[in-house]
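Have a look at the structure below, then the notes.
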Number of protein chains: 2
Amino acid sequence: MEKNLKINPACDERCPVRASLSLLSGKWTLMILFQINENTVRYGELKRAVTGISEKMLIQELNMLVENKLVSKKAYHEIPPKVEYRLTELGLKTLPIVDQLAQFGLENLV
Amino acid sequence: MEKNLKINPACDERCPVRASLSLLSGKWTLMILFQINENTVRYGELKRAVTGISEKMLIQELNMLVENKLVSKKAYHEIPPKVEYRLTELGLKTLPIVDQLAQFGLENLV
DNA sequence: AATAATTATAACCTTTTGGTAAGTACTATA
DNA sequence: TATAGTACTTACCAAAAGGTTATAATTATT
């Protein structure tokens, strides 16, 4: 009988943790998802909410998230511009991850 | 009445998500925690399990994790060397995060 | 003697990531 | 006429992260 009753499969290309991280790693990604959360948020609101992020990174990340179907974008064709972001069905499914990150931070770090 | 019933505080230095990420972001960190999981794992086992990681990154991450008290290290003074790693109490508390990452990957990506 | 096994360490280099600063477009307002 | 507000874009640069290769130490095995 082995010591390790619960044996993890190796962490290769098919590893689900690796797959998730390839999408969600990055300095700002999960913080942006956390801020959008279940709300409808404008670009400018996000910029203020995610303290310290540069405009370049913010739209770069938003574009990436839209491309990967985690976030949907709605542009009103007005002047001045108005663009709203929200989580898609798929994006909402990342919230449990974000919640666990928040809980861990709250209970052990902050 | 506002549209957003659930208002998130801004994501500044005190943001718990940010705090967690400052510890756990990085290409390999969460995968290593995932592999160690509830087991006692030797360095060489980890190297094989976390496919593609370089030795440099593996010990660098392990040292970081030990320093931050997420992982404990037990060295047997034998030849050839034998070193075992396991999660501390604090480290075990990251497993819900890892589990959510795994679940998201499993259900939506892999 | 030489090789294998194990857990590292160090020097060097490349790639990735992120930051800075400036500019665009259009209108309302002062 | 100048400024402010909004959502971007681009070019350039700096820093962080990660990869490669070589090396160490010690013993058992071949």
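A side-chain donor-acceptor contact under 3.5 Å links B:D12 to the backbone of B:R14. Under a 3.5 Å cut-off, the side chain of B:R18 and the backbone N or O of A:T51 do form a donor-acceptor pair.
For the side chain to side chain contact (heavy atoms under 4.5 Å, CB included) criterion with A:L46, the lone passing option out of A:I53, A:L58, A:V83, A:I59 is A:L58.
Protein atom CE of B:M57 is 13 Å distant from nucleotide atom C1' of C:dT15, rounded to whole Å. The distance between atom CD of B:E55 and atom C1' of D:dA24, rounded to the nearest whole Å, is 13 Å. At whole-Å resolution of the value, NZ in B:K47 and P in D:dT20 are 14 Å apart. The nearest whole Å value for the distance from the CE atom in A:M31 to the P atom in C:dG18 is 10 Å. In this structure, A:L62 places its CG atom 16 Å from P of D:dT6, rounding to the nearest Å. The NE2-P distance, from B:H77 to C:dA8, rounds to 11 Å in whole Å. Taking atom CD1 of A:I53 as the reference point, atom C1' of C:dA21 lies 17 Å away to the nearest angstrom. Atom pair B:E45:CD and C:dT7:C1' shows a separation of 13 Å (rounding to whole Å applied).
Each of B:Y43 and A:K56 was matched to the nucleotide of DNA chain C holding its nearest heavy atom; the match closer to the 5' end belongs to B:Y43. Residue whose closest nucleotide on DNA chain C sits further toward the 5' end, between B:K82 and A:S54: B:K82. Heavy-atom distances to DNA chain D give each of A:Y85 and B:G26 a nearest nucleotide, and the one nearer the 5′ end belongs to A:Y85.
Contact check on A:K47 versus A:E55 returns a salt bridge, with a Lys/Arg side-chain nitrogen under 4.0 Å from an Asp/Glu carboxylate oxygen.
Side-chain atoms of B:P80 lie closest to C:dT6 of the nucleotides C:dT7, C:dT6, D:dG18. Closest to the side chain of A:I79, out of C:dC26, D:dC8, D:dT6, is C:dC26.
Look at A:K27 and you'll find a side-chain N or O under 4.0 angstrom from OP1 or OP2 of C:dG19. Here B:K73 reaches the OP1 or OP2 of C:dA8: one of its side-chain N or O atoms lies under 4.0 Å away. The shortest distance between the side-chain N/O atoms of B:R42 and the OP1/OP2 oxygens of C:dT6 is not below 4.0 Å. Proximity of B:N63 to the phosphate of C:dT9: a side-chain N or O atom is located under 4.0 Å from OP1 or OP2.
Between the side chains of B:Y76 and B:E84, at least one donor N or O sits under 3.5 Å from an acceptor N or O.
The residue A:E78 sits apart from the nucleic acid: no heavy atom pair falls under 4.0 Å.
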